[in-house]
Amino acid sequence: MDPLMSIRDLYIIFEHREGFIGKPKTVEAVSGVNLDIYPGEIIAVVGESGCGKTTLGKAICGLYKPSKGSLIFQGKDISKLNKKEFKEFRRNVQMVHQDSYAALNPTRTIYQSLSAPIIRNGFAKDRKQAYEIICELLETVELTPPELYLEKFPHQLSGGQRQRILMARAISLRPKLIVADEPVSMIDVSLRISILDLMAHLNKQFGIAFIYITHDLSTARYIASNGRIAVMYLGKIIETGQLNKVLSHPHHPYLQALLSAVPIPDPDIARNMKQLPLRSWDMPDPTSPPPGCRFNPRCPYAREICQQNEPILRNYEDDMVSCHLAEKVPAWKIG
Ligand SMILES: Nc1ncnc2c1ncn2[C@@H]1O[C@H](COP(=O)(O)OP(=O)(O)OP(=O)(O)O)[C@@H](O)[C@H]1O
């Protein structure tokens, strides 16, 4: 199967200025990322705050231009699309944001917010047809009866309901890919599973591929158990593969450290859990990342080669890992 999108050696570089004086520094928020996204699949993009997840997500949606590298959507480089083709690409790749309140216009009713893109993109010929489509969409995202929600303003809805409205708005344009950036991190814990279930349902019912961006390994495990995971560290993908395999046999020391920091509910297992003894808990300054492997100053296994040469993402056992010493790093498992 051909990929829906191929991300090729992508760099997104920002200027970073501290105060008004001095030269601006640069941050490689995304640094040499390669990833193929296949139709209908779910990929969880996981990593700590500041590792470049949101920037990668926005680049996938065409909201940031690559500083270097390219994004190929359905065989075409998106930087070479004409205006009409780019509009069609933007319709096909939608983004759902973390902050549902900021993502909706507070002065517009739900009907107004949902009808505008439907009419603009020609999915409804008049207001009556738009109304019917919106009612159907609200039923799909389980906001029923729809009439109860149409005339409401965003502030009159709960965080979970607003997130469902954002999902409805995203699917209203019949996209092939949705980038969901931390969609459940701002809603009550009790409602998170239902939003994740909704995404899984939309993925199955409409065959929409999802990029699920999160810092939370447990929700990644829940939504992408049959999909893939890409773990990021300081702008780079350091390990990727089938989620269950990667999380049960993590090869990269950074991923092992992340997993060993997740609390385990079973006290017997928790007691026997070994924390990976990182050499430092601090993330390096993203404006001057360490040479060689970006994780080397924190890695308990680092050798000279790790300080000198940048590792590439390579096939190793069942997945891909960017570590010179993958063959030598001790296996890690829970308990
Ligand atoms: N518009 C921008 N201008 C300058 N620097 C930026 C910009 N956006 C992001 N950055 C920097 O790029 C790096 C990656 O940021 P990004 O928001 O993509 O990370 P993230 O993994 O999504 O983090 P979080 O989970 O906190 O949102 C950070 O060092 C951040 O400060």
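Note that the structure is predicted; figures quoted are calculated from it, not measured. Note that these values count all heavy atoms, side chains included, but never hydrogens, waters or copies made by symmetry.
Remark: side-chain polar atoms of Q112 are paired, donor with acceptor, to backbone N or O of T109 under 3.5 angstrom. For D99 (side chain) and A102 (main-chain N/O), a donor-acceptor pair under 3.5 Å exists by modelled atom type. Judged by distance alone, the side chain of R162 and the main-chain N or O of P154 form a donor-acceptor pair under 3.5 Å. At distances below 3.5 Å, not a single donor-acceptor pair connects side-chain atoms of R228 with backbone N or O atoms of L243. Not a single donor-acceptor pair under 3.5 Å links the side chain of E151 to the backbone N or O of L148. Not a single donor-acceptor pair under 3.5 Å links the side chain of N309 to the backbone N or O of G292. Within the 3.5 Å criterion, the main-chain N or O of G227 finds a donor-acceptor partner in the side chain of Q242. One N or O on the side chain of Q161 and one on the backbone of S158 form a donor-acceptor pair closer than 3.5 Å. Between the side chain of K53 and the main chain of E48, a donor-acceptor pair closer than 3.5 Å is present.
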Evaluate the side chain to side chain contact (heavy atoms under 4.5 Å, CB included) criterion for residues L313 and E239: first the C-alpha distance (whole Å), next the side-chain angles of each, then the deciding distance (0.1 Å), finally the verdict. CA-CA 7 Å; L313 194 63; E239 187 155 353; 5.7 Å; no
Between T287 and T26, is the side chain to side chain contact (heavy atoms under 4.5 Å, CB included) condition met? List the steps. CA-CA 6 Å; T287 61; T26 56; over 6 Å; no
Decide yes or no on side chain to side chain contact (heavy atoms under 4.5 Å, CB included) for N34 and D9, but give the supporting numbers first. CA-CA 5 Å; N34 286 288; D9 205 23; 4.2 Å; yes
Does the side chain to side chain contact (heavy atoms under 4.5 Å, CB included) test come out yes or no for V141 and L137, once each step is laid out? CA-CA 6 Å; V141 299; L137 282 168; 6.0 Å; no
Using the side-chain hydrogen bond (donor to acceptor under 3.5 Å, both in side chains) rule, take Y149 and R164 through it: C-alpha gap first, then chi angles, then the decisive distance, then the call. CA-CA 11 Å; Y149 300 92; R164 286 173 188 273; over 6 Å; no
Using salt bridge (charged side-chain N to carboxylate O under 4.0 Å, His left out), reason through R294 and E28 one step at a time and then give a plain yes or no. CA-CA 12 Å; R294 292 186 170 196; E28 285 183 5; 2.9 Å; yes
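Looking at Q256 and V329, their side chains come closer than 4.5 Å, going by heavy atoms from C-beta outward. With contacts defined as side-chain heavy-atom distances shorter than 4.5 Å, the pair R169/L104 qualifies. Two residues are said to be in side-chain contact when any heavy atoms from C-beta on lie closer than 4.5 Å; F153 and P106 fail this criterion. Between L150 and I134, the closest side-chain pair of non-hydrogen atoms falls below 4.5 Å. At a threshold of 4.5 Å between non-hydrogen side-chain atoms, the residues L325 and C306 count as touching. Contact of the I237 side chain with the V45 side chain is not registered, since no non-hydrogen atoms from C-beta on lie closer than 4.5 Å. Annotation: side chain of S79 is not in contact with side chain of K65 (no heavy-atom distance under 4.5 Å). The side-chain heavy atoms of H155 and Y101, taken from C-beta on, include a pair separated by under 4.5 Å.
Between T214 and D216, the side chains place no donor N or O within less than 3.5 Å of an acceptor N or O (distance only, hydrogens not considered). Residues E139 and T144 bring no donor and acceptor atom of their side chains to less than 3.5 Å of each other. Residues E182 and H215 bring a donor and an acceptor atom of their side chains to less than 3.5 Å of each other.
Going from atom CD1 of I238 over to atom OG of S322 covers 7.0 Å, rounded to the nearest 0.5 Å. For the atom pair D181 CG and T54 OG1, the distance stands at 3.5 Å (nearest 0.5 Å). Atom CG of D36 is separated from atom OG of S6 by 4.0 Å, given to the nearest 0.5 angstrom. In this structure, C323 SG and N296 CG are separated by 10.5 Å, a value rounded to the nearest 0.5 Å. To the nearest 0.5 Å, atom CE of residue M232 and atom CG of residue L255 are 14.0 Å apart. Here the straight-line distance linking atom CD1 of I229 with atom CG of N244 works out to 9.5 Å at 0.5 Å rounding.
Contact between G57 and V179 at its shortest, heavy atoms only, is CA-CG1, 3.8 Å. Listed here is the closest heavy atom pair of Y38 and A209: O-CB, 3.8 Å. Here the closest non-hydrogen pair linking I208 and P175 is CG1-O, 3.6 Å. Residue L259 comes nearest to L247 through the heavy atom pair CD1-O, 3.8 Å, listed as atom of the first residue, atom of the second, then distance. Heavy atoms only, all atoms of each residue included: L114 and I165 are closest at CD2-O, 3.9 Å. The heavy-atom pair separating R91 from Q94 by the smallest distance is O-NE2, 3.2 Å.
Using a 4.0 Å cut-off between a side-chain N of Lys or Arg and a carboxylate O of Asp or Glu, E132 and K125 do not qualify as a salt bridge. Between D197 and R192 there is no salt bridge, since no side-chain nitrogen of the basic residue lies less than 4.0 Å from a carboxylate oxygen of the acidic one. Ion pairing between a basic and an acidic side chain is recognised when a charged N comes within 4.0 Å of a carboxylate O; K25 and E15 show no such pairing.
The hydrophobic clustering, which links ILVMFWY residues whose side-chain heavy atoms are closer than 4.5 Å, places I7 and L81 together. Each of I178 and Y64 belongs to its own hydrophobic cluster when Ile, Leu, Val, Met, Phe, Trp and Tyr are linked at side-chain heavy-atom distances under 4.5 angstrom. Using a 4.5 Å cut-off between side-chain heavy atoms of Ile, Leu, Val, Met, Phe, Trp and Tyr, with links allowed through other members, M5 and V30 fall into the same hydrophobic cluster.
Listed by chain and residue number, nothing satisfies the side chain to side chain donor-acceptor pair (under 3.5 Å) test with S288 (two or more places apart in sequence, or in another chain). Every residue two or more places apart in sequence or in another chain was checked for a salt bridge (charged side-chain N to carboxylate O under 4.0 Å, His left out) with R127, and none qualifies. Partners of E317 by salt bridge (charged side-chain N to carboxylate O under 4.0 Å, His left out), not counting sequence neighbours: none found. For K236, the side chain to side chain donor-acceptor pair (under 3.5 Å) criterion is met by S31, E310, not counting sequence neighbours. Partners of E85 according to the salt bridge (charged side-chain N to carboxylate O under 4.0 Å, His left out) rule, which considers only residues two or more places apart in sequence or in another chain, are K76.
Around the CD atom of Q129, the shell of radius 6.0 Å holds more than 12 heavy atoms that belong to other residues, nucleotides or ligands. No more than 12 heavy atoms of other residues, nucleotides or ligands shown are found within 6.0 angstrom of CD on E304.
Exactly one of I211, L173, I60 qualifies for a side-chain contact (heavy atoms from CB on, under 4.5 Å) with V93. That residue is I60.
Under the 6.0 Å cut-off for aromatic ring centres, H252 and F295 qualify, their centroids lying closer than that.
Identified under the ring pair (Phe, Tyr, Trp, His ring centres under 6.0 Å) test for residues 163-212, with sequence neighbours left out: none.
Using the six-membered ring where Trp is involved, H251 and Y316 have ring planes that are perpendicular, over 60° apart on the 30 and 60° scheme. In this pair, Y111 and Y131 present their aromatic rings tilted. The plane angle is within the 30 to 60° band.
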